[in-house]
> 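Right, I'll just put the structure down here and ask away after.
Counting begins at 1 with the first residue of the sequence. Every number for a ligand or one of its atoms is a count from 1 in the order of the listing.
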Amino acid sequence: MYDLYYYPGNASLLPHMVLREIGAPFELRLVDRAQEAQKSADYLRLNPNGRIPVLVDGELVLFETAAITLHLVDRHPEAELAPAPGTSARAEFYKWMVHLTNTPQAEYRAWFYPWQHVADRAMAESVKRAAGERLGRMFKLIADQLAEGPWLLGERFSAADLFLFMLVRWGREMPHPPRALPQLAAHASRVLERLAVQATLEAEGLKAPIF
Ligand SMILES: N[C@@H](CCC(=O)N[C@@H](CS)C(=O)NCC(=O)O)C(=O)O
């Protein structure tokens, strides 16, 4: 039994989708951001960074969305959410997981929390605009590599596709949303057809427009 500390639509969405794809038993533990619960003493004991998500797997307490996802796909190889270890396809999977977490996901911090990136709060709008432009360029490069797809690994669906879906969703209110790129809109629509994804969105109370 896993415990996933989450907040609707946050980075916890990825491990939540992964858990439902796997079909493993888990409990959702709401971290109430409205109350800044991610900075509470109890939560900081789980994740000293005060960020969502955290996965608890027995004695193991894990933060970082990508690490949680990699752990889950390894624990449940039967779910086939990643190619077999040691193969070229697995290396491509790592490439996308790492790229998505340290490039667009990290950039989103500047978009969603621009005031944390400047000493002078008056500059926050400018930081946000620049982050939006950088994200636009990042998504364009991903869209080009996705080409016909249908998935990031070509014919093979993987947890990296769920990651991309979450990141495309986060940009839905940007002036140039990722869905404006046809490859990304088609990819997100394909991910949205998955029953585990639909169940996740429903459980988190996320309504249209989804991306
Ligand atoms: N690299 C971290 C980032 C997590 C992160 O930024 N989570 C956001 C929600 S999507 C959060 O906790 N924001 C609240 C805060 O920073 O106080 C991960 O992937 O787990």
> Kindly confirm or rule out an N or O of W170 lying under 3.5 angstrom from an N or O of ligand 1.
no
> Any N/O of Q38 closer than 3.5 Å to an N/O of ligand 1?
yes
> Can you sort out which atoms of ligand 1 are near P53, meaning under 4.0 Å from one of its heavy atoms?
20 (O)
> Could you check whether any heavy atom of E36 sits closer than 4.0 Å to an atom of ligand 1, since that is the contact criterion I want to use?
no
> May I ask you to identify the nearest protein heavy atom to atom 2 (C) of ligand 1, giving residue, atom name and distance to one decimal place in Å?
E64 OE1, 3.3 Å
> Quick one: closest heavy-atom pair of P53 and N47, and the distance?
O-ND2, 4.2 Å
> Step by step, work out the salt bridge (Lys or Arg N to Asp or Glu O under 4.0 Å) result for E92 and K95.
CA-CA 5 Å; E92 298 277 353; K95 176 190 80 179; 2.9 Å; yes
> Check each atom of ligand 1 against the heavy atoms of R109 and keep those under 4.0 Å away; list them by number with element.
5 (C), 6 (O), 8 (C), 11 (C), 13 (N), 16 (O)
> How about H187 and F163: are their ring centres within less than 6.0 Å of each other?
no
> Which option out of A37, A66, A11 puts a heavy atom nearest to atom 10 (S) of ligand 1?
A11
> Taking all non-hydrogen atoms of both residues into account, name the closest pair between L184 and A143 and its distance.
CG-CB, 3.9 Å
> Measure Y113 to ligand 1 on non-hydrogen atoms and call it side chain, backbone, both or neither using the 4.0 Å cut-off.
side chain
> Does the N or O separation between I52 and ligand 1 drop below 3.5 Å for any pair?
yes
> Evaluate the side-chain contact (heavy atoms from CB on, under 4.5 Å) criterion for residues Y6 and E204: first the C-alpha distance (whole Å), next the side-chain angles of each, then the deciding distance (0.1 Å), finally the verdict.
CA-CA 9 Å; Y6 87 110; E204 296 201 7; 4.0 Å; yes
> Are the ring centres of F26 and H16 closer than 6.0 Å?
yes
> Mind listing the closest non-hydrogen atom pair of A185 and R179 along with its distance?
CB-O, 3.3 Å
> Output yes when the distance from some N or O of ligand 1 to some N or O of N10 is under 3.5 Å, and no in every other case.
no
> Which atoms of ligand 1 have any heavy atom of K39 under 4.0 Å away?
15 (C), 16 (O), 17 (O)
> Just checking Q145: does its CD atom have more than 12 heavy atoms from other residues, nucleotides or ligands closer to it than 6.0 angstrom?
yes
